[in-house]
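Quick note on labels: first sequence line is chain A, next is B, and so on, each numbered from 1.
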Amino acid sequence: MSVLKLKNTYTKSLETFQPLDPSGKRVTMYTCGPTVYSYAHIGNFRSFLMSDLLRRVLERNEYEVRHVMNITDVGHLTEDDVADAQGEDKLQKAAREMGWDPYKLARHYEDLFVEDAKKLRMKNYIGGEAEDPALHPRAASHVPEMLALIQKLIENEYAYVDDSGQVYYDINKFPDYGKLSGKVIDDLEAGSRVAVGEHKRDPRDFYLWKVDAKHLMQWDPHGENGWDAADYARYVELVPEGVDPRIKPGFPGWHVECSAMSRTHLGHVIDIHTGGEDNIFPHHECEIAQSYGAYKTQVVGPHGAADQDSPRHSFARYWVHGRHLLVNNKKMSKSAGTFYTLRDLLDPRDNDREELAVELEKSGFKDGRVPANVLRYALISNQYTQPMNFSLDLLQQARASVERLQIRYDKLREAVGDGTNPDVDGTASDKLLELVSKADEDFDGALNDNLNMPNALAVVFGAVNQLNQMELGPAEAREALRLMESFDEVLDVLDRSARSGLITREQVSTWLDSESLVKKAQHLKHWAEAPDREQLWEMVEAGQLPMFEDLAPIEQMDADTIELFVAIRQNARKAKDFAVADGIRDDLARRGVQLEDTPQGFRWVLG
RNA sequence: GGUGGCGUAGCCAAGUGGUUAGGCAACGGAUUGCAAAUCCGUCAUAUGUGGGUUCGAAUCCCAUCGCCACCUCCA
């Protein structure tokens with residue numbers, strides 16, 4: 001097994017990954033999650049999927065990953081910046097515009113986000129993990145922890161309270177501020193682009209606690225006003241002596257939430273912290289400053305004793321940042337019409353994007369909708385260290401790639417069968433076993449090389465190509481299927497249900513010669529009085545096929561129905577009545593069943 | 001203005017001194033009643049431009065053009 005290497009933003013170098021856990025098993029990972037004031041867009045999801053990919057690669061390396069991704073539902077201002085905190089809270093602004101309570105708005109968009117995340121197969125929202133609030137902490141529910149941290153900062157003299165009762169971080173106390181982003185802090189022109197807060201000691205100081213009477217989400221640090229009962233009980237426990245009396249009722253700064261929540265749910269020092277590249281400065285820089293100021297968190301580098309002499313004043317050992325997604329090589333822009341939420345692409349017509357739907361239809365997307373697995377593939381298909389230029393072309397290519405994998409997967413599944421064939425338990429050829437183990441290893445190698453997905457996909461398609469050239473027995477198919485499933489543990493783009501089948505020529509000729517065809521016809525529910533065999537043939541021969549008009553919709557297409565039409569079609573083919581045969585195939589296709597003639601028989605695929 | 005990054009065939013995208021990664025598209029062939037799928041082949045000895053170092057450069061150096069990001073809300 002190759003060794004996982006990651007590009008650490010902090011050191012700007014490729015580092016071998018080693019967890020902090022002495023047993024070398026457990027890995028802690030924190031991702032800055034969405035601010036839930038609107039729909040998440042595909043750029044957000046590219047970033048979150050990078051974290052999902054990293055997590056899956058860690059699991060492939062047999063680590064047990066505890067992945068926390070927060071929900072920001074308070075404190076993120078419209079004009080947040082390094083020097084001052086002007087502007088309105090993003091959530092509050094959106095809530096005001098919709099005439100909603102900000103808590104309601106946050107939960108609304110959080111719920112929608114979770115729906116989207118599930119569709120994109122983000123593992124931290126699949127299964128039991130989705131239900132674990134500790135893995136998806138909400139900022140507004142962690143005000144006790146944030147105030148405790150703020151109090152620590154004041155006690156340690158890394159923060160100060162101004163006349164109005166607000167709290168600021170004192171940048172000058174932390175010389176390492178700027179180490180993550182590589183910024184020379186003196187170069188940040190003090191106050192030139194932002195209004196200097198009157199009460200700040202240095203214009204670059206950032207706020208930890210803000211006082212604003214107009215703000216709807218408020219907490220009183222010295223009483224029960226604004227508190228959820230359970231949170232307040234925890235607060236009293238966490239800060240029994242109370243916080244600095246000068247702090248006035250208000251709300252927390254954006255940066256402080258991640259320091260507090262990652263510590264609460266993952267511990268003092270964590271292994272990996274991820275986010276989008278825009279988070280590097282100032283958000284993550286501020287998180288580092290806060291955690292160090294309050295708890296003196298520091299890490300020695302991953303390379304062992306040599307680093308003991310120069311610990312980094314960071315609470316995360318590896319910082320991993322994804323580059324942004326662009327459209328037409330520019331940032332997404334609503335005014336330029338290049339802004340896409342996930343929903344816009346999955347279901348444009350339901351989201352008032354008729355033009356987009358038409359464009360997608362032109363590109364061959366059925367009903368103008370992009371399947372979620374195709375979007376997932378597109379968003380993870382290049383390396384996270386490169387900006388991604390999103391386009392319809394990219395989506396089309398992703399669709400073709402996913403289809404190629406799906407077709408191979410389906411055929412392998414058919415070859416393995418339902419497990420009743422005793423040959424499945426046989427021994428696969430050495431050649432096949434070698435192919436499988438090499439592909440699996442190369443796939444690891446590519447992913448472990450800083451998540452090099454293009455190389456990993458080259459391995460996948462190389463293996464598919466080789467498999468396509470081989471005649472596979474059941475035992476070989478079984479091994480090959482395992483390989484595909486192993487790839488898909490990371491990619492997660494395949495439909496793994498039994499969605500295809502093969503009807504042999506022998507089966508069809510049996511049906512044609514027996515009453516079983518009529519039985520299949522009678523199976524169709526809409527025939528109150530099913531035709532007998534003779535009537536059925538009359539209909540077929542007359543090319544009437546009236547059953548097509550009101551055939552059951554796709555969800556009700558089952559094996560019997562498909563088999564009936566395959567038999568009828570085969571009869572027409574034998575009679576060289578290709579118009580009827582092709583008509584049946586086209587009709588089935590419209591109902592979501594692809595039919596293929598192969599030397600072995602007739603293959604059907606749902607989808 | 002400061003800092004960082006990128007320019008690889010029609011498109012996407014690896015490769016960071018030495019045997020034309022891979023995918024998509026298009027076209028030709030095999031197969032097929034027609035399709036679909038699959039295979040073989042073509043596009044392809046491609047690397048923004050101009051120099052330099054080297055036996056050898058997409059890869060290193062210099063210059064130059066173009067694009068992007070962060071520094072200001074952002075994933």
Side-chain angles (χ1 to χ4, degrees), chain A residues 9 12 31-35 37 40-51 69 72 76-84 86-87 90 93 178 181-189 192-194 254 274-283 321-326 329-332 377-378 381-405 407-408 410-411 442 446 449 452-465 467-470 573-574 576-579 581-582 585-586 589 594-599 603 605:
Chain A
T9 310
K12 295 177 184 56
T31 298
C32 286
T35 303
Y37 65 101
H41 56 68
I42 55 170
N44 298 130
F45 281 111
R46 141 112 149 145
S47 173
F48 298 139
L49 285 172
M50 180 271 284
S51 301
M69 187 166 107
T72 295
H76 198 162
L77 301 196
T78 51
E79 291 170 38
D80 250 346
D81 62 46
V82 60
D84 202 352
Q86 303 294 322
K90 287 187 164 188
K93 179 165 182 277
S181 55
K183 291 196 182 306
V184 180
I185 298 306
D186 292 344
D187 288 350
L188 298 174
E189 289 177 57
S192 68
R193 305 190 64 162
V194 289
W254 173 39
T274 74
E277 59 176 321
D278 55 284
N279 281 156
I280 298 171
F281 188 91
H283 188 50
H321 293 98
R323 300 294 308 272
H324 275 174
L325 176 147
L326 309 171
N329 286 311
K330 305 267 184 205
K331 288 168 75 162
M332 286 197 288
Y377 183 97
S381 60
N382 80 349
Q383 202 171 6
Y384 76 93
T385 53
Q386 296 295 330
M388 165 174 284
N389 191 24
F390 187 83
S391 62
L392 281 186
D393 217 38
L394 179 76
L395 286 176
Q396 252 179 304
Q397 293 180 15
R399 188 193 54 204
S401 302
V402 170
E403 266 170 25
R404 189 166 157 85
L405 298 181
I407 287 166
R408 187 66 258 172
D410 289 340
K411 287 185 175 174
D442 290 349
D449 178 20
N452 190 329
M453 188 54 93
N455 274 343
L457 290 173
V459 172
V460 170
F461 286 102
V464 166
N465 183 268
L467 290 172
N468 282 339
Q469 292 176 48
M470 296 167 81
R573 288 180 78 217
K574 277 189 168 172
K576 299 229 185 290
D577 191 347
F578 295 120
D582 293 350
R585 187 173 59 197
D586 293 347
Q594 302 295 323
L595 211 58
E596 296 168 19
D597 303 328
T598 73
R603 219 181 145 248
V605 187

Q) Can A:Arg603 and A:Asp597 be counted as an ion pair, charged N to O under 4.0 angstrom? A) no
Q.
According to side-chain hydrogen bond (donor to acceptor under 3.5 Å, both in side chains), who are the partners of A:Thr9, at least two apart in sequence or on a separate chain?
A. A:His321
**Q.** Protein-to-nucleotide contact annotation, 5' to 3' order, nucleotides 14-23 of chain B [B base; S sugar-phosphate only; - none; under 4.0 Å, heavy atom]
**A.** SS-----BSB
Q: Please work out which of the three classes, parallel, tilted or perpendicular, describes the rings of A:Trp254 and A:His283, given edges at 30° and 60°.
A: parallel
Q. A:Gln469 near the nucleic acid: base, sugar-phosphate alone, or nothing, with a heavy-atom cut-off under 4.0 Å?
A. sugar-phosphate
Q: Report the distance from atom NE2 of A:His321 to atom P of B:C71, rounded to the nearest whole Å.
A: 13 Å
Q. If you look at every strand shown and take non-hydrogen atoms under 4.0 Å, does A:His41 touch a base, only sugar-phosphate, or nothing?
A. base
Q: Specify the separation, in whole Å, of atom NZ of A:Lys576 and atom P of B:U32.
A: 13 Å
Q. Which sits closer to the 5' end of RNA chain B, A:Thr598 or A:Gly275, going by the nucleotide each is nearest to?
A. A:Thr598
Q) With no angle test and no hydrogens, is the base of B:A35 tied to the side chain of A:Arg585 by a donor-acceptor pair under 3.5 Å? A) yes
Q.
Students often get this wrong, so: under 4.0 angstrom with heavy atoms, is A:Lys12 touching a base, only sugar-phosphate, or nothing?
A. nothing
Q.
Is there aromatic stacking of A:Phe578 on B:G33 here, judged by a ring-centre distance under 5.5 Å and a plane angle under 30°?
A. yes
Q.
Applying a 4.0 Å non-hydrogen cut-off, can you work out what A:Glu277 is touching in the nucleic acid: base, sugar-phosphate, or nothing?
A. sugar-phosphate
Q) If each of A:Leu595 and A:Gly43 is mapped to the nucleotide of RNA chain B with the nearest heavy atom, which maps nearer the 5' terminus, i.e. the 5' end? A) A:Leu595
**Q.** Out of B:A35, B:G33, B:C70, whichever nucleotide has its closest atom nearest the side chain of A:Asp582
**A.** B:G33
(Q) Do A:Lys183 and A:Phe281 make a side-chain contact, defined as non-hydrogen atoms from C-beta onward lying under 4.5 Å apart? (A) yes
Q: Verify the distance criterion only: is there a donor paired with an acceptor across the side chains of A:Arg46 and A:Asn382 at less than 3.5 Å?
A: yes
Q) Just how far, in rounded Å, is P of B:C12 from CG of A:Leu395? A) 14 Å
Q. Which part of the nucleic acid, if any, lies within reach of A:Ile280 when heavy atoms closer than 4.0 Å are counted: base, sugar-phosphate only, or nothing?
A. nothing
Q: Have a look at A:Asn279 and say if it touches a base, only the backbone sugar-phosphate, or nothing, with a 4.0 Å heavy-atom cut-off.
A: sugar-phosphate
Q: For the pair A:Arg404 and A:Asn465, evaluate side-chain contact (heavy atoms from CB on, under 4.5 Å) and give the outcome as yes or no after the intermediate values.
A: CA-CA 10 Å; A:Arg404 189 166 157 85; A:Asn465 183 268; 4.0 Å; yes
Q: Side-chain contact test, heavy atoms from C-beta onward, threshold under 4.5 Å: evaluate it for A:Lys576 versus A:Phe578 and give yes or no.
A: yes
(Q) Please classify the nucleic acid contact of A:Arg573 as base, sugar-phosphate, or nothing, using heavy-atom distances under 4.0 Å. (A) base
Q) Is any side-chain nitrogen or oxygen of A:Asn329 closer than 4.0 Å to OP1 or OP2 of B:C67? A) no
Q.
Here's one to test your reading of the geometry: is the NZ or CZ of A:Lys93 within 45 degrees of the ring axis of A:Tyr37 and under 6.0 Å from its centre?
A. no
Q: Would you indicate which nucleotide in B:A37, B:A69, B:C11 comes nearest to any side-chain atom of A:Asp393?
A: B:C11
**Q.** Stem list, RNA chain B (Watson-Crick or G-U pairing under 3.5 Å, at least 3 consecutive pairs)
**A.** B:1-7 with B:65-71, B:10-12 with B:22-24, B:26-30 with B:38-42, B:48-52 with B:60-64
Q | Separation of B:G5 P from A:Asp278 CG (nearest whole Å) | A | 18 Å
